[in-house]
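Because the structure is a prediction, the values reported are computed rather than measured. Throughout, a chain's letter reflects where its sequence line sits, starting with A, and its residues are numbered from 1.
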2 protein chains.
Amino acid sequence: MPYRSDSGQSARGNNLDTVRKHNLSVVLGLVHRRGPASRSRLTEATGLNRSTIAALVGELVELGLVVESEPSASNRVGRPSPVVAPDASVVALAVNPEIDAVTVGVVGLDGTVHHRVREATDRVPTAAEAVAIVATVLDGLRADLASYSRVVGIGVAVPGLVREEDGMVRLAPHLAWVDEPFASELADATGFPVLVANDASLGANAERLFGAGTHASDLVYLNGGASGVGAGVIARGAPLTGIAGYAGELGHTLVNSAGVRCHCGAIGCLDTEVNQGALMRALGLESADIDEIDRALAASESPKVAAEVERQLGFLSVALRNAVNVFNPQLIVLGGFLGSLFEAAPARLEQLVTESVLTAAGESLRIVRAELGSSLLMVAAAELAFASLLADPATIAEG
Amino acid sequence: MPYRSDSGQSARGNNLDTVRKHNLSVVLGLVHRRGPASRSRLTEATGLNRSTIAALVGELVELGLVVESEPSASNRVGRPSPVVAPDASVVALAVNPEIDAVTVGVVGLDGTVHHRVREATDRVPTAAEAVAIVATVLDGLRADLASYSRVVGIGVAVPGLVREEDGMVRLAPHLAWVDEPFASELADATGFPVLVANDASLGANAERLFGAGTHASDLVYLNGGASGVGAGVIARGAPLTGIAGYAGELGHTLVNSAGVRCHCGAIGCLDTEVNQGALMRALGLESADIDEIDRALAASESPKVAAEVERQLGFLSVALRNAVNVFNPQLIVLGGFLGSLFEAAPARLEQLVTESVLTAAGESLRIVRAELGSSLLMVAAAELAFASLLADPATIAEG
DNA sequence: TGATTTTGTTGTGTTGGCAAACATATAAGG
DNA sequence: CCTTATATGTTTGCCAACACAACAAAATCA
């Protein structure tokens, strides 16, 4: 299938450096994403010669990015192959500003969340306040951070539209942030390089790498939270960003021509029709804990709840119909309260979607609930900070 | 911006062969897509050393894929650089079955359409009939085809859903084809390798490579024809295919909850609300010639026509709002009668779209009319057939 | 006409990965 | 327990691809 892979290529030529860079990136990426692996497994996965793998792993060890350990007992014939694992003491900082808190995490290259600090705020934090909170938290972690071999930078997951180029938060409606140069301000305040992106886009990527979407090259992720519906799309194995980084806003596609006006200015957005507030009111719940929503949904026999679930599933299915016809994904991943809605009536949602999508596009489709729980956004944001290291291990780790 | 490019990478390692393959592909791709170029320009564009370019071009000449010609008078200081051009005698065959004809073309690697044969049919052709027509036409061209140095294969643009893997036409509603194994049957009948894809997806790619979308990495293409609205999306410089090749069906996204049922089974699709028939009825036209529609629209002062244009633009703008919020493209390209509609009131459509999309996503957006005219689908389908050659010139041209 | 500039050409050097031969560590079999 | 088979790490030499530098050629410019 040449048509799908070509054309996207750049006009730049390759040379030997490119090969080395690529191969280092592939090896580091494999152990980072799929976990520790023996050298023989890496040989198999990459198709490279085992002497080449030895050299690549050796270089990554010298760079302090991976560690080699004694082979585990494999009960297999032949000389045991040493296990290569990402160095957990290479870490990224993850930041997630929300309407009632700012969360800061320390995440290892091996995926473990070493620390997580959730600083609750008594009101919605401004961008400046969020920067200050992060700076303070990092100050408190100073001793801890010094114990790691390397801190690659800060990745930030923001519930809003973020300009990819410079990390400018163009609009985060629920935080009431407009055109906040968050990346540069946080970089100035902390001294770390900072990358910022939309929380749901990062979430989609994290679910693909470590969660429900492992091995899926084309998936659509929808997350329902207190601040609306966020979405992210993975196409051809890579996050869909669009020209400036604003792509994937499925929450602002039409699901109801007779709907109300959304804060975005349009009519009948998914975001206005499907929302946590209405569901919680029907359930009579106060807190927004997902487990609690799950329990309440499972326990409820109220027809009012059933009607509300049916209503929201109906509109959700319209958005999914559009997404399926447009993206032909193999997987739809539902997170947050959308996961609860789905789990309340999985067959119903599947039926609604199957009925309305183009038959062919619906064939290879599965709908699943998100797997990554509360650590999702920490891992997701860290991945953003790790990206350049993973893409070019030698240069970044040296520089 | 590492986040956008990484992650999509395969787990395979690179070696020297990969480098050579890539570089040959890049050079051939450059002259194919951007036209003849001097060796010095290739050096600049690829970043490779000029001795390397010399070797690469030499190999491509030996493979019979490009020709080197005398430098053109450039009026610049320094030794003139020979011009490298794709070999026009390397050709692909292009096929496009429609409701009232089957068109077959011969397209050179340099983009020239050497031949075009439109075989009109008195009724909608079946798949078997279309295969027979193509076989007959090619038989008639046998002498001509023998004069080319190489015929790489057949690319087919079908107005319907095509399974990428094997070229099975899953559903072409207006042709009334269902699950027709068109690629394999045409391959059996002609002896050529055959690749099949959706016409609008191929059109999107062609407009990006040779038409209105040159240099655009993220664009949405919508084409309106007698058989409905087709669409294709280019994301990150490559066609969006989805997991099986069905992606990009913007014609089947919701634009009107109160709309009628579409042949696809869903309600209120763009395809049902915006269509050529209604426009032609309002204009009192019979033929479906685009130039005629343009003229009639420009000349009309009828309020009924104005109302119909406004109605269709309204629904079109809803589809575009969804597309812009989801893809954040830098360009929307409108072809067929959608181009006519746009040209009838460009400011109006731009206003409708700007009002309803997320502000940030609308900033870097331009809406333009398609540039490629009647040769579009020939070039587009040929591109499909050329794809594997362009991706791996040495192997394909030798084998 | 000679200086300058640009680029093709040629020979040499560097580098990355491959292949083969060898070494080593495990399991299986008697 | 020793031998054999198997898988994989290790080492060495080789090859392919590109970069670089020196030189040659072909144009403009003064």
* **Any side-chain heavy-atom pair of V113(A) and V379(A) under 4.5 Å** => yes
* Got V27(A) and I53(A) here, is their nearest side-chain heavy-atom distance under 4.5 Å? -> yes
* Would you please name every residue forming a ring pair (Phe, Tyr, Trp, His ring centres under 6.0 Å) with F210(A), sequence neighbours left out? => H32(A)
* Asked: Quick check: does any side chain N or O of S25(A) sit under 3.5 Å from a backbone N or O of K21(A), one acting as donor and the other as acceptor?
  -> no
* Asked: Distance-only, no hydrogens or angles: does the N328(A) side chain make a donor-acceptor pair with backbone N or O of G245(B) under 3.5 Å?
  -> yes
* **B/S/- contact track for nucleotides 18-30 of chain D, protein heavy atom under 4.0 Å** => SBB-B--BBBS--
Whole-Å distance separating the [atom1] atom of [X] from the [atom2] atom of [N]:
{"X": "E44(B)", "N": "dG8(C)", "atom1": "CD", "atom2": "P", "answer": "12 Å"}
{"X": "D17(A)", "N": "dA17(D)", "atom1": "CG", "atom2": "P", "answer": "16 Å"}
{"X": "E59(B)", "N": "dA16(D)", "atom1": "CD", "atom2": "P", "answer": "12 Å"}
{"X": "R39(B)", "N": "dT6(C)", "atom1": "CZ", "atom2": "C1'", "answer": "13 Å"}
{"X": "E70(A)", "N": "dA25(C)", "atom1": "CD", "atom2": "P", "answer": "10 Å"}
{"X": "I53(A)", "N": "dT10(D)", "atom1": "CD1", "atom2": "P", "answer": "13 Å"}

* Asked: Just how far is it from atom CZ of R150(B) to atom CG of L65(B), taken to the nearest 0.5 Å?
  -> 7.5 Å
